[in-house]
Peer 1: 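The structure under discussion is supplied below as structure tokens; questions concerning it will follow.
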Amino acid sequence: MPDLAWWRAGTKSDPVGRQLPYGSGARIARLCLQWFRSVVVVGWPLAVAVPLAPAQEAPNGGLRVYLDCDRCDDSRIRTDVNFVDYVRDRELADVHVFVTTNYTVFDGRQYEFSFIGRGRHSRSTLTLERLIAPNTPSETAREIISEALRLGLAPFLDQARLEEDFSITYTGGREFSADEQLAGDPWRHWVFEIYGGDFELDLESNRTIFDSRWGVYADHRSEIWKIRFRPYFNYDLVRIKREGRETIRSSISRHGLESYVIRSLGPHWSLGLFGTYLTRNDRNIRNMYSLVPGVEFSLLPYEVATRRAITLVYTLGASYVQYHEETIFNKTEEWRPRHEVDATIAIRRPWGDIYSGIEGSQYLHDRSKQRAEIFGNVSVRLFEGFSLQVEGQFEMIRDQLSLPLGDASLQEVLLQQRELATDFALGASIALSYTFGSSYANVVNTRF
């Protein structure tokens, strides 16, 4: 087990004698907890104090529907599927349409539509699935989604209206097996993407800022294998002209290669091999090569991973690193054997989303060099119109092996050209929202 004694309060020195404030992370965490409590104490009474409006009748006596879909064209759906009344909150709905998506083994998309009855329809539920093949035109994909919603909502309508307004046509389409699709695919389910349009230029008379990103994705997915080969290139430039003084110029390059081969061993286990290359001048890394095998266990079958997943991952491997400058540990190059354990939970339900986990890593050649992180993102619909979202991340850091020897200049610090010593990293946010007023969201207005 990693030695956790360095997380206790107090200070420690790095190899050149500088004092690092280990233990201050715990004090920061306590301050954030106090801040969170104060926000809840103030925000909760404000939300509860707002008077709730009485229930409103549907404009046309229609079915009230709450559409819960992150990757849907809401405006298009409200225009195409216009025989229901859309509401702004699930508590106001007769039917909660809960949509989840996942990538298929053929690099398409699989949509799962859950029609969850509420109120007088509370005993009714229906689930539909739709597959959208790779390279399907956007217009065709939108029509597939709209048609699935029409079919799923029809059973919730009154019998008289169903008979009057709807008809069902069977197309007799045949679904092909995975082997049949593979036999007819000359690319053998390899998909390639070249990107290079992420360029930003901010030009002023005395200042120039340029950011660029480009690279290639090569992905293969099948029921057994998941493979990726991705070279990428990032370059940032900042240039500031100063009258009568030397021009400040800063460039940061982050280039590398991300690759992996993952093989499924059934509904709960997978084996993977991860290979990376990285060169990054702002982290004092001239060249880094790593090869890391790993194993993953999913507590729940992978087939339900679109809605809930609990996974445990263990990796053990090594990297070889060459540095731009000599490090504070008097190294210009070294081997780094390392292992890591990650545990994550992801849940997407009609009442909200949860994604959280804990990660811990340790270098085996020096077990005092370790890192731990805990993170979480929780979004909950507490009651009609009121939502709470909390996000946080806290890292306890003791593994900055690439820190260059010597002090950083003010220019390097301000332009983020050099990594600085730290014992923790903390980020947190909290958001409260309360929506009230008209219950309906039928109107589509795309002007401006």
Side-chain angles (χ1 to χ4, degrees), residues 2 4 6-12 14 19-44 70 198 200 209 211 213 232 234 236 238 250 252 254 256 258 276 278 280 282-285 309-313 315 338 340-348 352-363 369-382 387-403 408 412-433:
L4 306 182
W6 62 275
W7 292 346
R8 294 194 295 267
T11 60
K12 285 196 173 184
D14 66 17
Q19 294 292 313
L20 300 177
Y22 294 112
S24 59
R27 293 191 292 273
I28 296 295
R30 286 195 295 269
L31 290 175
C32 288
L33 180 60
Q34 295 173 1
W35 171 79
F36 172 76
R37 288 174 176 170
S38 66
V39 171
V40 172
V41 168
V42 173
W44 183 269
D70 291 336
D198 192 6
E200 298 181 12
I209 299 177
D211 297 332
R213 311 282 186 273
Y232 60 89
N234 303 327
D236 301 336
V238 177
S250 168
I252 298 176
R254 301 180 299 280
E258 171 195 358
T276 60
L278 177 67
R280 185 167 179 171
D282 64 330
R283 290 295 183 265
N284 193 31
I285 297 175
I310 303 174
T311 57
L312 181 66
V313 178
T315 59
R338 181 175 179 268
E340 180 174 341
V341 177
D342 304 338
T344 59
I345 179 171
I347 298 174
R348 183 157 191 257
D353 302 332
I354 297 175
Y355 181 71
S356 64
I358 184 169
E359 300 175 357
S361 63
Q362 182 185 52
Y363 286 105
K369 303 301 181 290
Q370 49 199 339
R371 178 182 298 234
E373 177 183 0
I374 183 171
F375 59 90
N377 185 313
V378 180
S379 177
V380 182
R381 302 181 181 103
L382 296 176
S387 297
L388 170 67
Q389 181 171 340
V390 180
E391 183 175 356
Q393 174 184 330
F394 181 60
E395 279 188 278
M396 293 173 280
I397 302 170
R398 185 57 167 151
D399 64 350
Q400 294 177 283
L401 299 184
S402 60
L403 288 174
E412 290 175 324
V413 172
L414 295 178
L415 296 177
Q416 299 181 350
Q417 293 176 295
R418 187 163 175 158
E419 185 180 13
L420 302 179
T422 183
D423 72 318
F424 73 91
L426 174 68
S429 66
I430 182 171
L432 301 171
S433 65

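One-based numbering along the sequence shown. What you see is a predicted model; the values in this text were computed from it and never measured.
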Peer 1: Which atom names give the shortest non-hydrogen contact between Tyr363 and Arg338, and what distance separates them?
Peer 2: CE2-CD, 3.5 Å
Peer 1: Any ion pair linking Asp211 and Arg213 (charged N to carboxylate O, less than 4.0 Å)?
Peer 2: no
Peer 1: What distance separates Glu373 CD from Phe394 CZ, expressed to the nearest 0.5 Å?
Peer 2: 10.5 Å
Peer 1: Hey, does Leu388 have a side-chain heavy atom less than 4.5 Å from the side chain of Leu432?
Peer 2: yes
Peer 1: Between CD1 of Ile374 and CD of Gln393, what distance do you get to the nearest 0.5 Å?
Peer 2: 11.0 Å
Peer 1: Roughly how far apart are Gln362 CD and Lys369 NZ, rounded to 0.5 Å?
Peer 2: 11.0 Å
Peer 1: Search all heavy atoms of Gly360 against all heavy atoms of Asp342 and return the closest pair with its distance.
Peer 2: N-OD1, 4.3 Å
Peer 1: Hey, does the side chain of Ser402 reach the backbone of Asn284 with a donor-acceptor pair shorter than 3.5 angstrom?
Peer 2: no
Peer 1: Rounded to the nearest 0.5 Å, how far does CD1 of Ile345 lie from OH of Tyr355?
Peer 2: 11.0 Å
Peer 1: What pair of heavy atoms forms the shortest contact from Glu359 to Phe375, and how long is it?
Peer 2: OE2-CE2, 3.8 Å
Peer 1: Just verifying a value: how many Å separate Arg280 CZ and Ile252 CD1, rounded to the nearest 0.5 Å?
Peer 2: 8.0 Å
Peer 1: Tell me, do Gln389 and Asn377 make a side-chain contact under 4.5 Å, heavy atoms counted?
Peer 2: yes
Peer 1: Leu312 and Ala343: which non-hydrogen atoms are nearest, and at how many Å?
Peer 2: CD1-CB, 3.9 Å
Peer 1: What distance do Arg371 atom CZ and Ile397 atom CD1 have between them, rounded to the nearest 0.5 Å?
Peer 2: 4.5 Å
Peer 1: Would a 4.5 Å heavy-atom cut-off, applied to side chains only, mark Val313 and Glu340 as touching?
Peer 2: no
Peer 1: Can you see which heavy atom on Gly376 is nearest to which on Ser356, and at what distance?
Peer 2: CA-CB, 3.6 Å
